[in-house]
Amino acid sequence: MIDKEKIEQAVRLLLEGIGEDTKREGLLDTPARIARMYEEIFAGMDEDASMHLSKTFTVQTEEMVIEKDIVFYSMCEHHLMPFYGKAHVAYLPDGKVVGLSKLARTVETYAKRPQLQEQLTAQIADAIMEGLSPRGAMVMIEAEHMCMTMRGVKKPGSKTVTVAARGAFAEDEALKGQFYQMLRL
């Protein structure tokens with residue numbers, strides 16, 4: 001549960017720490033605004049991602065299902081700076097599928113937490129394996145990290161790519177190749 005009062009106190013201390021006057025007109029409401037923003041940005045903290053994958057539909061197909069270009073925004077847990085990009089999610093049904101929006105909701109739930117991109121990628125793949133019991137799952141995330149573009153090395157436009165392959169995707173290189181080929185369509 002987000003504690004808005006603590007966030008407001010922390011923001012006031014931060015502003016004081018950088019030498020700002022917290023009583024200045026432009027900053028008076030900033031602690032409350034930041035607290036509301038953090039409540040939205042970190043909404044996944046109080047959400048169980050598995051709930052999105054619990055309602056399934058019976059199908060006869062075992063062909064790959066892929067939802068690509070799922071836009072997400074997250075916060076790097078190392079610097080509390082944003083990283084954002086696209087997630088591509090695939091799975092091989094074993095008798096059941098989930099509504100396509102549920103894949104995007106799963107991505108969003110995990111993204112709305114302090115995160116590492118590598119961990120986010122694995123969490124999504126593991127949730128699909130757990131929730132749907134498919135023959136395999138594969139997730140690829142491409143993201144730009146503000147901690148690399150705005151500070152530190154300052155390399156705007158650089159992207160980090162992470163991949164998690166589970167089940168049949170981890171075992172079959174041709175299947176992985178089909179996933180990558182479908183992303184190019």
Side-chain angles (χ1 to χ4, degrees), residues 37-38 40-53 56 61-94 97-185:
M37 178 185 72
Y38 274 22
E40 179 182 340
I41 288 173
F42 295 117
M45 296 289 295
D46 298 324
E47 197 173 306
D48 178 7
S50 66
M51 72 179 186
H52 300 302
L53 301 173
T56 61
T61 183
E62 293 184 350
E63 299 298 319
M64 187 186 312
V65 174
I66 185 168
E67 185 72 21
K68 64 182 191 175
D69 297 332
I70 302 168
V71 175
F72 74 91
Y73 300 90
S74 193
M75 293 288 271
C76 165
E77 68 182 37
H78 292 156
H79 299 98
L80 289 182
M81 291 190 77
F83 69 95
Y84 55 92
K86 294 180 179 180
H88 314 290
V89 179
Y91 68 98
L92 296 167
D94 193 12
V97 295
V98 69
L100 296 176
S101 70
K102 304 310 183 193
L103 298 174
R105 290 185 192 283
T106 301
V107 169
E108 186 168 290
T109 297
Y110 285 116
K112 289 191 173 227
R113 300 174 181 183
Q115 272 293 9
L116 297 174
Q117 182 176 332
E118 300 87 343
Q119 177 178 275
L120 174 61
T121 309
Q123 286 172 332
I124 296 164
D126 292 341
I128 291 167
M129 290 301 288
E130 215 172 278
L132 302 180
S133 301
R135 292 181 298 119
M138 190 155 172
V139 176
M140 182 171 109
I141 293 181
E142 305 170 77
E144 185 167 337
H145 292 249
M146 295 301 288
C147 57
M148 276 193 53
T149 63
M150 188 176 167
R151 56 153 303 278
V153 71
K154 295 183 180 123
K155 296 296 177 204
S158 62
K159 289 207 167 92
T160 301
V161 178
T162 51
V163 177
R166 304 290 187 263
F169 283 101
E171 300 157 6
D172 186 340
E173 289 301 316
L175 196 53
K176 275 186 195 173
Q178 183 182 357
F179 171 80
Y180 292 127
Q181 184 178 12
M182 290 176 73
L183 291 183
R184 287 189 286 261
L185 297 178

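- A 4.5 Å side-chain heavy-atom check between Met64 and Leu175 finds at least one atom pair inside the cut-off.
- Between Glu40 and Lys112, some side-chain heavy-atom pair lies under the 4.5 Å cut-off.
- Panel note: side chain Glu130, backbone Ser50; no donor-acceptor pair is recorded below 3.5 Å.
- For Ser74 (side chain) and Ala111 (main-chain N/O), a donor-acceptor pair under 3.5 Å exists by modelled atom type.
- Of all non-hydrogen atoms in Lys154 and Pro156, the two that sit nearest each other are O-CD, 3.2 Å.
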Show your working on side chain to side chain contact (heavy atoms under 4.5 Å, CB included) between His78 and Cys147 and close with a plain yes or no.
CA-CA 9 Å; His78 292 156; Cys147 57; over 6 Å; no
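- With sequence neighbours excluded, no residue forms a salt bridge (Lys or Arg N to Asp or Glu O under 4.0 Å) with Arg113.
- Here the side chains of Phe179 and Val163 are not in contact, with every heavy-atom distance at 4.5 Å or above.
- Interatomic distance, Asp48 CG to Thr109 OG1, rounded to the nearest 0.5 Å: 8.5 Å.
- A side-chain contact (heavy atoms from CB on, under 4.5 Å) with Val139 is found for one member of Thr162, Asp126, Ile70, Ile124 and no other, namely Ile124.
- Ring geometry, His145 versus Phe83: the interplanar angle falls under 30°, so the pair is classed parallel (tilted spans 30 to 60°).
- Checked by atom type and distance alone, the side chain of Lys159 never pairs as donor or acceptor with a backbone atom of Gly85 at under 3.5 Å.
- Contact between Tyr180 and Met140 at its shortest, heavy atoms only, is CE2-SD, 3.7 Å.
- For the pair Val98/Ile128, no side-chain contact is recorded, criterion being any heavy-atom separation below 4.5 Å from C-beta on.
- Listed for the Glu67 side chain is no donor-acceptor partner under 3.5 Å among the backbone atoms of Ala104.
- Heavy atoms of other residues, nucleotides or ligands lying less than 6.0 angstrom from OH of Tyr73 number 12 at most.
- The two residues Pro93 and Glu63 make their nearest non-hydrogen contact at CD-O, 3.0 Å.
- The only option from Gln123, Glu118, Gln119, Gln117 that meets the side-chain contact (heavy atoms from CB on, under 4.5 Å) definition with Thr121 turns out to be Gln117.
- Here the CG-OG1 distance, from Leu92 to Thr61, works out to 9.5 Å after rounding to the nearest 0.5 Å.
- When the ring pair (Phe, Tyr, Trp, His ring centres under 6.0 Å) test is applied to His52, no partner is found at least two apart in sequence or on another chain.
- Note that CE of Met148 and CE of Met81 are 12.0 Å apart. Values are rounded to the nearest 0.5 Å.
- For Tyr38, the ring pair (Phe, Tyr, Trp, His ring centres under 6.0 Å) criterion is met by Phe42, not counting sequence neighbours.
- Using a 4.5 Å heavy-atom cutoff, the side chains of Val71 and Tyr84 are not in contact.
- Looking only at distances, no side-chain donor or acceptor of Glu144 sits under 3.5 Å from a matching main-chain atom of Thr149.
- Under a cut-off of 6.0 angstrom, the local environment of CE in Met51 is crowded, with over 12 non-hydrogen atoms contributed by other residues, nucleotides or ligands.
- No side-chain donor-acceptor contact under 3.5 Å links Glu62 to the backbone of Asp94.
- Looking at every heavy atom in both residues, Ala49 comes nearest to Thr106 through O-OG1, 4.2 Å.
- Lys68 contributes a side-chain N or O that, together with a main-chain N or O of Met182, makes up a donor-acceptor pair within less than 3.5 Å.
- When every heavy atom of Ala164 is checked against every heavy atom of Ala125, the shortest pair comes out as CB-CB, 3.8 Å.
- Counting heavy atoms from C-beta outward, Thr160 and Glu142 have side chains that stay 4.5 Å or more apart.
- One finds the CD atom of Gln115 at 12.0 Å from the CE atom of Met75 (value rounded to the nearest 0.5 Å).
- Arg166 places no side-chain N or O within donor-acceptor distance of the main-chain N or O of Met129, the cut-off being under 3.5 Å.
- Between Glu108 and Arg105 there is no salt bridge, since no side-chain nitrogen of the basic residue lies less than 4.0 Å from a carboxylate oxygen of the acidic one.
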